[in-house]
Amino acid sequence: MLEALTDPVLLQAAEGLSDEAAENIADIEGQHMANAAAAIAVGLAAIAAGVAEKGIGAAAVGAMAEDPDMFGRGLLMTVIPETLVIFAIVVIFLV
Amino acid sequence: MLRPDRMSKVSVAGAKPYLKEVVEELHDLNLVHVSDYDGRWEGFDNGTPMEGGEEVSERLVQVRAIESKLDLEPGEFPELSNERYSFTGDRTEELERLEEVRSDVNDLDDQRVELKDRMRELRERQRTLEPFVELDIELDLLRGYESVELRVGTTGDREGVLEALEEASSIQEHDVIGDEVVAVVARTSDGGLGDALAGVDFTELEVPDEKGHPGDLHQELEHEIQDVEDDLDSVEDDLEDIKQRHGAFLLALEEELSIEAQKSEIPLQFATTENSFYAEGWIPTEEVQDLNGALGRAVGDHVEVQELEVAEYDEHGHAVEHGDEEDDEDHEDFEDPPVKQDNPEVAQPFELLVNTVNRPKYTELDPTFVVFLTFPFAFGFMIGDMGYGVLYMLMGAAIYRFVDSDAMKALGVIAIWAGIFTLLFGYLYDDIFGIHLADVGIHLPLAGSFSKGIQAADVAQTWLVASVLFGILHLNTAYVFGIVNHVRHSVKHAVLEYASWMLAINGFFIWVFSRHVAEPKPDFIMGETSVLYENSMFALGFPGFSPEVGVAGLVVAALGAAMVVAGEGIVGALELPANAFGHVLSYLRIMAVLLAKGGMAFVVNLLVFGAYEDNGYIQFGLHESPAATVAAGGADSVAFGGIVWMGVEAGGALLAVAAVAAVLVFVLGHILVLLLGITAAGIQMVRLEYVEFFGKFYEGGGRPFQPFGRQREYTEDGN
């Protein structure tokens with residue numbers, strides 16, 4: 001199915017379109033696919049960051065309960081995995 | 001500015017008879033951070049508290065106990081700062097007043113404790129009665145049977161209970177009264193009712209040892225509770241009355257007594273012999289003359305003040321070169337000077353952000369000023385909206401005005417700064433609550449020179465590049481700080497562990513922004529398609545560095561990387577991709593938050609006003625409905641009708657509904673964006689400061705400068 005949408009030859013065969021029309025549709029569909037891929041990449045990265053922060057955050061709250069001065073360091077450790085999402089955002093600009 | 005105040009270690013030595021006067025004078029000066037004497041000299045012992053100290057401490061405990069019973073916090077009754085108490089003479093009057101307050105408060109507090117106990121007991125009784133109220137059978141009738149067994153309990157499955165009773169062979173006759181609270185009566189051959197009920201959903205309740213109808217009893221208890229509550233209220237009122245009448249006096253007395261206790265205990269930190277005393281402490285170098293002068297005036301030649309040393313800023317206050325390892329044995333006697341941060345007044349609130357991680361050491365640079373320069377700037381850039389800016393400023397001002405805590409006040413000032421920059425950037429983006437002022441016909445000079453790039457890819461790409469450049473600048477600052485912190489201690493260390501990283505990062509990114517190996521690089525970072533060459537906001541005409549410069553950049557980067565490996569070994573090699581590349585890209589969060597917050601505000605306005613699409617650009621329907629614009633040929637298509645215009649079109653009652661919905665969506669939507677802005681822009685920028693910036697050079701761990709003395713708030717010096 002994916003292949004049929006992005007490959008001009010298959011698309012042409014399936015729909016009986018002219019050469020140019022098939023190329024155009026394939027281009028547009030290809031861009032959409034890339035956009036969708038980028039969106040999935042960002043979403044997965046966000047989930048990964050969330051999973052990573054879950055454990056750190058819980059530990060940080062525990063440390064803070066013992067010693068409120070740990071707030072700064074706790075916050076610092078908790079947000080470290082967020083960079084994962086930021087890197088994924090780069091993908092948006094490269095597709 | 002970037003260094004804490006320079007500190008001097010001073011000693012004060014004198015004859016015992018003058019100890020009291022010296023202590024008084026030192027306390028009034030509030031300048032010397034007294035060091036603890038550790039008993040290292042033979043013949044010198046730690047001093048003993050001054051006469052009367054014990055009595056003062058005892059009384060202080062009394063006063064604090066009363067304050068805690070009255071729930072009286074320091075900082076209350078601030079109006080008193082104009083008319084201060086002065087405790088002079090033998091204080092008979094004050095002590096009598098204290099005694100009176102104390103006995104009143106203790107009596108009332110005893111009553112309060114008693115009433116609360118009584119209340120707890122009554123509530124407990126009431127709670128046990130509740131199920132029986134539901135059962136509605138007199139309590140006397142629920143006990144004392146000989147021929148039948150009776151049990152009361154709660155169940156969620158009355159049928160199940162009945163079934164179990166039917167099946168039990170030992171039960172000859174039975175009855176179940178009630179619904180969820182049930183009384184089970186049975187005639188059994190061998191007392192087997194408990195066994196029969198064991199397997200079903202039945203929780204037995206004990207029948208309270210009281211007489212009468214449970215409903216009436218419950219009612220009675222309710223009255224009693226009401227009475228106790230009234231009594232409790234009246235006791236609380238009496239206590240509040242005492243607090244109002246004597247609160248200021250108590251706080252003033254506490255302050256006076258704390259000061260006396262502080263003074264009487266300070267000799268514990270001194271070295272003393274039978275006839276003399278010797279004290280050491282830290283004082284800002286520029287105040288040494290004041291200390292000399294003040295003590296000279298107070299006791300003349302009877303004490304000797306000496307400036308023992310002026311602490312240097314290099315490692316441990318001495319220039320030591322022992323390779324990488326610090327030789328601790330040499331510094332056994334050395335005490336790190338306390339840190340008194342020295343920032344301009346505008347930057348001082350930002351010490352809060354730095355000290356949350358750790359207080360700077362005496363020997364390292366204090367990054368507060370850089371945080372002051374970067375934090376509000378980046379925050380404002382990310383949120384960039386005049387409406388939000390004003391609201392952040394108001395929120396900050398409210399915190400500053402109404403919250404009585406130094407840390408919160410500092411936070412308030414930080415919020416005001418963030419608001420100012422949000423307003424400034426909002427002006428440049430020409431955004432107020434996500435709407436361009438130009439779109440409603442207000443054209444201000446320079447407004448709209450920037451755009452957020454929600455709709456224009458090249459603008460977003462420009463901010464991407466700008467974020468990276470900001471990151472490179474920020475990281476370079478970090479490494480410069482690292483070099484300065486270590487260069488006096490060890491030049492080799494500074495070059496291999498800090499300068500090397502600067503070479504690696506800058507060299508690599510010079511190559512990235514060069515035309516060398518152009519093919520795989522994205523169009524927007526080099527050549528004439530580069531956003532630095534031209535974008536829809538401004539044209540810098542920079543097509544990227546030439547390929548030769550790019551190659552030179554790579555060489556520099558390789559040199560830097562080699563130095564990193566030489567300095568930090570295999571760990572350095574592993575860190576190279578993260579620090580030199582990853583940490584720079586981490587600054588892309590600035591652009592990401594800008595787009596995300598802009599996009600959220602955009603959606604709120606889209607829902608309320610609707611929008612039409614023209615040539616790929618989406619415009620809000622601010623003057624007429626998007627459908628009307630399209631019908632008149634002013635736009636290609638309608639993106640969204642907009643709650644407002646849908647209401648206008650429907651007319652009548654629906655218009656009113658739409659108006660309410662539009663206001664709700666607009667207000668709640670923008671409040672949401674405003675609050676998420678704090679967590680997004682605020683936390684993300686704090687993270688950049690903490691992880692990317694501080695992580696490169698900052699150690700922290702300084703002791704706060706706590707001079708012997710106290711700022712009087714409620715009292716004036718009576719002696």
Side-chain angles (χ1 to χ4, degrees), chain A residues 24 27-95, chain B residues 351-359 371 407 453 457-465 467-468 471 520-525 531 577-579 581-596 679-680 682-695 698 700-701 704:
Chain A
N24 278 343
D27 270 358
I28 293 167
E29 296 291 352
Q31 187 56 43
H32 286 179
M33 289 293 168
N35 287 346
I40 293 171
V42 174
L44 288 177
I47 293 172
V51 170
E53 279 182 15
K54 185 185 89 173
I56 307 172
V61 170
M64 263 184 269
E66 293 256 323
D67 174 8
D69 289 345
M70 289 295 293
F71 176 76
R73 268 163 283 173
L75 176 71
L76 199 147
M77 295 294 173
T78 310
V79 296
I80 281 178
E82 256 161 42
T83 314
L84 282 175
V85 193
I86 305 298
F87 289 166
I89 285 173
V90 178
V91 174
I92 298 177
F93 289 87
L94 297 181
V95 294
Chain B
E351 287 175 3
L352 173 76
L353 290 180
V354 175
N355 294 345
T356 301
V357 174
N358 219 325
R359 189 179 305 278
V371 175
D458 80 307
V459 173
Q461 287 160 352
T462 308
W463 296 139
L464 185 153
V465 172
S467 300
V468 165
K521 291 182 189 170
D523 290 341
F524 64 87
I525 62 170
V531 290
N579 280 12
F581 187 60
H583 285 193
V584 175
L585 288 201
S586 187
Y587 283 82
L588 290 182
R589 70 188 66 232
I590 293 178
M591 169 219 60
V593 173
L594 169 74
L595 288 178
T679 50
I683 302 256
Q684 294 303 337
M685 193 55 211
V686 163
R687 176 231 149 93
L688 285 178
E689 303 281 6
Y690 286 0
V691 180
E692 273 74 15
F693 183 59
F694 286 5
Y698 192 60

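Here is the naming used below: chain letters follow the sequence lines, and residue numbers restart at 1 for every chain.
Using a 4.5 Å cut-off between heavy atoms, A:I80 contacts chain B through both its backbone and its side chain. For B:Y587, no part lies under 4.5 angstrom from a heavy atom of chain A. Neither the backbone nor the side chain of B:L353 comes within less than 4.5 Å of any heavy atom in chain A.
With respect to A:T83, the side chain to side chain donor-acceptor pair (under 3.5 Å) criterion is satisfied by exactly one of B:H583, B:E692, B:R687: B:R687.
Within 6.0 Å of CZ in A:F87 there are more than 12 heavy atoms belonging to other residues, nucleotides or ligands.
To the nearest 0.5 Å, atom CG of residue B:L585 and atom CD1 of residue A:I89 are 11.5 Å apart.
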